[in-house]
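To keep things clear, I will list the structure first and then write my remarks on it.
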Amino acid sequence: MDCLVPQPLSPLNCRDLFDSLEAFLFDCDGVIWKGDELIDGVPQTLEMLRAKGKKLVFVTNNSLKSRSQYAEKFRSLGISVSQDEIFSSSFAAAMYLKVNNFPSHMVFVVISENRNRKYFPYVKQAPDFQFPHTCAVIVYVIGGEGILEELRLAGIAAFGGPGDANKTINLKQNCFVEYDKSVGAVVVGIDPNINYYKLQYGTLCIRENPGCLFIATNRDAPGPLFNSILFLNYGGLVCAGCMVAAICGSTQKEPVVAGKPSTFMMEFLLKKFNVSCSKLCTVGDRLDTDVLFGQNAGCKTLLVLSGSSIWSFSVS
């Protein structure tokens with residue numbers, strides 16, 4: 001099927017499409033589930049595809065969870081999916097840093113009188129450092145636990161995320177905000193606990209620390225509303241793009257995007273599963289992420305109307 005000429009899927013073209021493919025790449029929110037409920041027909045479809053020998057990959061831009069947490073969600077919904085078949089934007093951000101040789105497996109320690117942070121991710125017993133002490137290059141996270149977990153699994157020290165949910169900045173004349181000079185990257189994803197402190201901290205690291213990277217898990221725009229009911233896609237109506245845009249505005253810099261529709265994630269997937277673009281079909285509910293993700297790589301694409309796009313079409 002020509003990606004430049006969209007065609008409705010029908011009994012006349014379904015067989016040719018199916019036979020030409022070795023693997024299907026599925027989005028999750030709005031395609032596999034809505035919130036915590038499976039979409040009708042999903043278990044039967046996945047079972048049929050596996051029975052026919054097709055490879056299945058699940059790719060989500062929702063960075064709130066890690067791959068292991070998504071595997072558990074699949075299990076809780078009665079679907080058997082291995083962690084190796086799941087690619088989240090939180091994982092993509094960690095892999096981007098790792099393949100670009102971001103320092104890993106180092107000890108990071110900060111002991112300060114006013115911040116009181118101690119972080120020893122890769123040693124059994126914390127060394128006896130004297131105040132103050134900082135070592136290694138680390139990552140500051142504006143986002144959820146999923147990003148922190150994937151960074152740790154990649155051997156990259158990180159802090160922030162939910163741990164900074166209740167922190168505030170006392171805005172007054174001549175105020176000074178302390179930040180870590182050792183932060184070498186700021187990763188921004190969807191963050192239900194976004195606040196002024198996180199935005200200020202991330203901004204200072206990117207603008208003041210030489211060479212500090214600005215990584216976005218994704219830039220998804222807000223999700224739709226159905227009959228005045230919030231559609232739970234990517235954690236709610238407000239998506240990661242809002243958080244990323246705030247940092248773009250405060251730093252006057254554009255991020256490296258790790259998730260869909262970035263080519264980085266697709267290249268990583270193709271190499272891992274040893275499949276060519278012509279034999280892969282991406283299935284999603286968003287034109288600006290899922291479909292574009294496949295088109296950018298030259299894959300076949302399927303747009304489903306079970307999620308975000310039905311709202312776009314109804315508005316049109």
Side-chain angles (χ1 to χ4, degrees), residues 18 21-99 104 143-156 189-190 217-218 233-235 258-262 264-277 279-285 289-290 293-294 297 299-302 304 306-307:
F18 186 84
L21 299 171
E22 293 180 0
F24 286 84
L25 192 158
F26 289 95
D27 179 40
C28 294
D29 295 292
V31 176
I32 302 298
W33 54 61
K34 290 182 180 179
D36 292 324
E37 295 183 2
L38 278 175
I39 293 175
D40 291 344
V42 164
Q44 297 87 341
T45 300
L46 299 182
E47 184 178 350
M48 180 273 293
L49 291 174
R50 289 194 190 277
K52 296 293 185 180
K54 305 298 183 181
K55 296 178 182 178
L56 304 183
V57 187
F58 302 89
V59 181
T60 175
N61 264 358
N62 190 332
S63 62
L64 283 175
K65 292 182 171 65
S66 64
R67 290 168 300 154
S68 63
Q69 291 170 324
Y70 275 115
E72 178 57 36
K73 179 169 183 175
F74 273 104
R75 282 191 290 271
S76 71
L77 294 173
I79 299 177
S80 178
V81 174
S82 72
Q83 182 173 311
D84 287 339
E85 294 176 309
I86 301 170
F87 285 78
S88 61
S89 61
S90 53
F91 175 67
M95 287 302 99
Y96 179 86
L97 290 171
K98 186 171 184 177
V99 301
S104 61
E145 182 60 35
I147 301 174
L148 290 168
E149 181 174 332
E150 293 294 354
L151 288 170
R152 294 187 192 111
L153 290 172
I156 298 172
I190 185 169
T217 59
N218 63 297
N233 198 3
Y234 313 121
K260 296 179 289 187
S262 167
F264 167 77
M265 182 183 266
M266 181 62 78
E267 291 168 358
F268 195 91
L269 284 165
L270 294 173
K271 184 178 296 185
K272 177 176 177 62
F273 289 95
N274 192 28
V275 60
S276 66
C277 295
K279 299 289 185 180
L280 176 64
C281 181
T282 62
V283 183
D285 66 323
T289 55
D290 305 319
F293 183 53
C299 302
K300 296 180 176 67
T301 59
L302 279 175
V304 298
S306 52

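These numbers come from the heavy atoms of this one structure, side chains and all, not from hydrogens, waters or symmetry mates.
With sequence neighbours excluded, no residue satisfies ring pair (Phe, Tyr, Trp, His ring centres under 6.0 Å) with Phe293. In this structure Ser88 satisfies the side-chain hydrogen bond (donor to acceptor under 3.5 Å, both in side chains) test together with Ser90, sequence neighbours excluded. Residues passing the side-chain hydrogen bond (donor to acceptor under 3.5 Å, both in side chains) test with Glu149 are Ser66, Ser68, sequence neighbours excluded. In this structure, the ring pair (Phe, Tyr, Trp, His ring centres under 6.0 Å) partners of Phe273, at least two apart in sequence or on a different chain, are Phe87. Partners of Ala93 by side-chain contact (heavy atoms from CB on, under 4.5 Å), not counting sequence neighbours, listed by chain and number: Val187, Ile215, Thr217, Ala258. Here Glu72 pairs with Arg75 under the salt bridge (charged side-chain N to carboxylate O under 4.0 Å, His left out) rule; sequence neighbours left out. For Phe268, the ring pair (Phe, Tyr, Trp, His ring centres under 6.0 Å) partners are Phe91, not counting sequence neighbours. Annotation: side-chain contact (heavy atoms from CB on, under 4.5 Å) contacts of Glu267 (sequence neighbours excluded): Thr263.
Interatomic distance, SG of Cys299 versus CZ of Phe24, reported as 12.0 Å (0.5 Å rounding). To the nearest 0.5 Å, atom CG of residue Leu64 and atom CD1 of residue Ile190 are 5.0 Å apart. Interatomic distance, Glu145 CD to Arg152 CZ, rounded to the nearest 0.5 Å: 5.0 Å. The line from CD1 of Ile156 to CG of Leu148 is 12.0 Å long, rounded to the nearest 0.5 Å. The distance from atom OG1 of Thr301 to atom CG of Leu25, rounded to the nearest 0.5 Å, is 11.5 Å. Of the inter-residue distances, the one linking Phe74 atom CZ with Ser82 atom OG reads 10.0 Å to the nearest 0.5 angstrom.
Judged by distance alone, the side chain of Asn61 and the main-chain N or O of Lys260 form a donor-acceptor pair under 3.5 Å.
Annotation: side chain of Ile79 is not in contact with side chain of Phe58 (no heavy-atom distance under 4.5 Å). Contact check for Asp290 versus Thr282: no side-chain heavy atoms found under the 4.5 Å cut-off. Residues Thr60 and Ile32 have side chains not in contact (no heavy-atom distance under 4.5 Å, counting atoms from C-beta outward). The closest side-chain heavy-atom distance from Leu280 to Leu269 is not below 4.5 Å.
Relative orientation of the Trp33 and Tyr70 rings is parallel, given thresholds of 30° and 60° on the angle between their planes.
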Subject >> Residues Phe26, Val81; criterion side chain to side chain contact (heavy atoms under 4.5 Å, CB included); working and verdict >> reply: CA-CA 12 Å; Phe26 289 95; Val81 174; over 6 Å; no
**OP:** Would you please test Thr289 and Asn218 for side chain to side chain contact (heavy atoms under 4.5 Å, CB included) and show each step?
**Re:** CA-CA 9 Å; Thr289 55; Asn218 63 297; over 6 Å; no
Original post:
Could you walk me through whether Val275 and Leu270 pass the side chain to side chain contact (heavy atoms under 4.5 Å, CB included) check?
Top reply: CA-CA 6 Å; Val275 60; Leu270 294 173; 4.0 Å; yes
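The salt bridge (charged side-chain N to carboxylate O under 4.0 Å, His left out) analysis of residues 86-99, with sequence neighbours excluded, yields no pairs. Sorted by first and then second residue, the salt bridge (charged side-chain N to carboxylate O under 4.0 Å, His left out) pairs with a member in residues 48-65 read Arg50-Glu85; sequence neighbours excluded.
Closest of all the heavy-atom pairs between Gly259 and Met265 is CA-CE, 4.0 Å. Of all the heavy atoms in Arg67 and Glu150, the pair that sits closest is N-OE2, 2.7 Å. Annotation for Ala297 and Cys277: closest pair O-SG, 3.0 Å, computed over non-hydrogen atoms. For the residue pair Lys300 and Leu21, the shortest heavy atom distance occurs at CD-CD2, 3.8 Å.
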Donor-acceptor pairs are to be reported for all side-chain atoms of residues 41-48 against protein atoms at under 3.5 Å, with residues two or more places apart or in another chain.
from  : atom 1 : to    : atom 2 : distance (Å)
Thr45 : OG1    : Gly41 : O      : 2.8

